[in-house]
Amino acid sequence: MVGPDREVALIERSKVWMRQLMWKYEIPGRLRFRAFSSAEEAVRFILEFGGSIAVKPSEQVGGKGVKVVADLQAYLSGEKRDALSRSAGRIAELVKDEVKLIIEEKVDGPEYTLHILTDGHTYLPLPLAQDYKHAYEDGIGPETGGMGSISGPGSLLPFIIEEEYGRSVEIIRLTIEAIRRETGRDYVGVLAGQMMLTGLWGPTIIEYYSRFGDPEASAIIPRIEGDFGEVLELTATGHLSRARIGVVEKPSVVRAVAPLGYPLDRRMASGHRVWLDLPRMRELGCRVYFGSIALEGMQLITRGSRALELVVIDEFGEAVRKLDKCFSLISSDTRLIYRHDIGSAIETQIEKAEIVRYTYKARERAGLLGVSADWSPNGGLW
Ligand code: GLY
């Protein structure tokens with residue numbers, strides 16, 4: 001089996017355990033945090049603290065429940081304060097554990113995901129990918145399981161430089177070692193860092209997955225040259241040092257296709273007919289992955305979630321052109337959600353990353369990497 005067992009997979013399940021581990025072993029890219037056992041305590045802290053924060057459930061609840069409080073002034077009004085209490089209460093209700101909520105310092109910057117395969121001794125970093133989480137174009141709308149992703153060129157992304165890739169790999173490697181020291185167990189499988197390039201640290205951990213990210217995997221795995229099944233077998237059997245993989249230089253772009261209603265109204269998004277011209281799509285260079293869709297007789301019927309993923313490996317401009325053509329070969333008796341912006345506006349992301357890079361490099365030169373003026377040195381810790 002390729003995948004960590006329940007004990008070491010705690011790194012994904014418990015945000016409190018994860019943040020404590022990062023602080024205990026002084027892993028770079030760690031955010032300050034506090035944990036609370038009730039929504040009331042958390043809201044009191046937010047109002048007293050006065051800075052920008054993210055409120056999250058303390059354990060994994062299917063990606064639901066992040067609340068960002070960026071404008072505290074707004075929350076000082078009674079109405080907004082009630083709304084904040086209600087959202088904190090809703091997040092707390094999702095959690096079974098005694099510790100309900102975690103409040104983290106809020107950071108900004110371009111996000112990316114790094115996956116590392118390990119058999120416990122050897123580390124094999126895979127190419128970076130970026131997940132587009134929001135339902136609609138320009139990153140608005142509810143968070144979804146992922147409306148698409150990009151990977152490349154090479155092992156990087158257009159807005160992450162080689163040195164940042166190296167630092168990100170080091171963060172994940174240190175995490176795997178910290179898990180071993182903390183639990184006495186080898187972590188075997190894939191550990192993914194969902195990361196952000198921030199002015200505070202440069203590469204920073206937002207959360208970890210103890211599995212492949214979706215839809216990141218759909219962008220990464222088709223770009224791996226060699227027998228990926230064999231690489232997974234070498235991981236599971238403790239022989240990862242024998243694995244040799246190459247990476248296609250050209251990038252990939254993945255776009256999901258979901259029925260209207262997704263992700264908030266599963267019923268509305270279910271039971272719709274979909275038609276596609278698969279041979280023509282393949283001729284155009286699109287791979288089509290089937291997700292929440294079933295073949296009933298000769299008809300494809302949606303099942304309420306992301307139905308298809310379209311994948312093209314090509315330079316970004318060419319890839320998005322091919323994807324749009326492929327999407328035009330899909331029809332349905334409902335409206336389909338498909339983000340045309342995934343894989344485009346790459347320049348804007350590069351510009352944002354340059355500003356962030358300038359900031360963290362300046363902090364680093366001043367010996368202030370990871371130091372936050374808002375949070376007292378240990379006051380933020382559990
Ligand atoms: N890419 C988000 C996830 O797999 O949870």
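Order of listing sets the numbers, starting from 1, for every ligand and every atom in it. Computed from a predicted model, the values in this text were never measured in an experiment. Just so you know, these numbers use all the heavy atoms, side chains as well, and skip hydrogens, waters and symmetry mates.
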Backbone, side chain, both or neither: what part of Glu216 comes under 4.0 angstrom of ligand 1, heavy atoms only?
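Looking at Glu216 and ligand 1, just side chain atoms fall under 4.0 Å.
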Residue-level breakdown please: for Arg211 versus ligand 1, do any non-hydrogen atoms fall below 4.0 Å on the side chain, on the backbone, on both, or on neither?
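Answer for Arg211: side chain.
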May I ask you to check if ligand 1 and Asp214 share an N or O to N or O distance below 3.5 Å?
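Yes, there is a polar N/O contact under 3.5 Å.
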Glu170 bridged to Arg173 by N-O distance under 4.0 Å
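Result for this pair is yes, salt bridge flagged.
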Answer yes when Lys325 and Glu283 have at least one side-chain N-carboxylate O distance shorter than 4.0 Å, and no when they do not.
no
Quick check on Tyr358: does its OH atom have over 12 non-hydrogen neighbours (other residues, nucleotides or ligands) under 6.0 Å away?
no
Please state which protein non-hydrogen atom is closest to atom 2 (C) of ligand 1 and give its distance, to 0.1 Å?
Tyr209 OH, 3.1 Å
Could you list the atoms of ligand 1 found under 4.0 angstrom from a heavy atom of Gly213?
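Within the 4.0 Å cut-off of Gly213, ligand 1 contributes 4 (O).
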Subset of ligand 1 atoms that lie under 4.0 Å from at least one heavy atom of Asp131
1 (N), 2 (C)
Establish, from distance only, whether the side-chain atoms of Tyr112 and Ser168 form a donor-acceptor pair under 3.5 Å.
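Per modelled atom types, Tyr112 and Ser168 side chains form a pair under 3.5 Å.
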So which atom in Tyr208 and which in Gly193 form the shortest heavy-atom distance, rounded to 0.1 Å?
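Result for this residue pair: CD2-CA, 4.3 Å.
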